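Keep in mind that what you see is a predicted model, and the values were worked out from it rather than measured. FYI, the numbering just counts along the sequence from 1.
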Amino acid sequence: MLEKRIGEPCPTCQTPLQRRRSTFRTIVGDVAFCARCCSSFELSSLTEDDVLAAFGPPEFAPT
């Protein structure tokens, strides 16, 4: 299952995704859900801050 974040556009219809309780047996918790085309996606655990922190501070960036 693809990982998406709340508010990202649905890959099928471009509608912003909403948070919804999972109805799948294999996924416990919430999923990113598109109400227009009834698609569900796993919630991405990474935030923008996590992604930026993975590259380290700018003074240590490769040149």
Side-chain angles (χ1 to χ4, degrees):
M1 185 178 271
L2 293 174
E3 289 188 356
K4 295 287 183 181
R5 285 183 275 190
I6 304 302
E8 279 188 30
C10 174
T12 306
C13 66
Q14 301 304 313
T15 302
L17 297 174
Q18 306 170 3
R19 182 180 297 268
R20 179 177 176 181
R21 177 66 66 190
S22 173
T23 57
F24 298 108
R25 291 182 182 188
T26 57
I27 298 176
V28 177
D30 293 340
V31 294
F33 178 75
C34 176
R36 185 173 183 188
C37 63
C38 297
S39 299
S40 295
F41 306 94
E42 275 188 278
L43 286 176
S44 176
S45 59
L46 293 178
T47 63
E48 280 188 35
D49 294 335
D50 294 336
V51 172
L52 293 175
F55 291 108
E59 60 267 10
F60 297 119
T63 55

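Between the NZ atom in K4 and the CZ atom in F41 there is a gap of 6.5 Å [rounded to 0.5 Å]. Here the OG1-CD distance, from T12 to Q14, works out to 8.5 Å after rounding to the nearest 0.5 Å.
A32 approaches L17 most closely through the heavy-atom pair CB-CD1, 3.9 Å. The two residues L43 and D30 come nearest to each other via the heavy atoms CD1-O, 3.7 Å. Here the closest heavy-atom approach between residue C37 and residue C13 is recorded as SG-SG, 3.9 Å. Taking all atoms of both residues into account, the shortest heavy-atom contact from T15 to R36 is OG1-CD, 3.3 Å. Nearest heavy atoms, S40 versus F33: OG-CD1, 3.4 Å.
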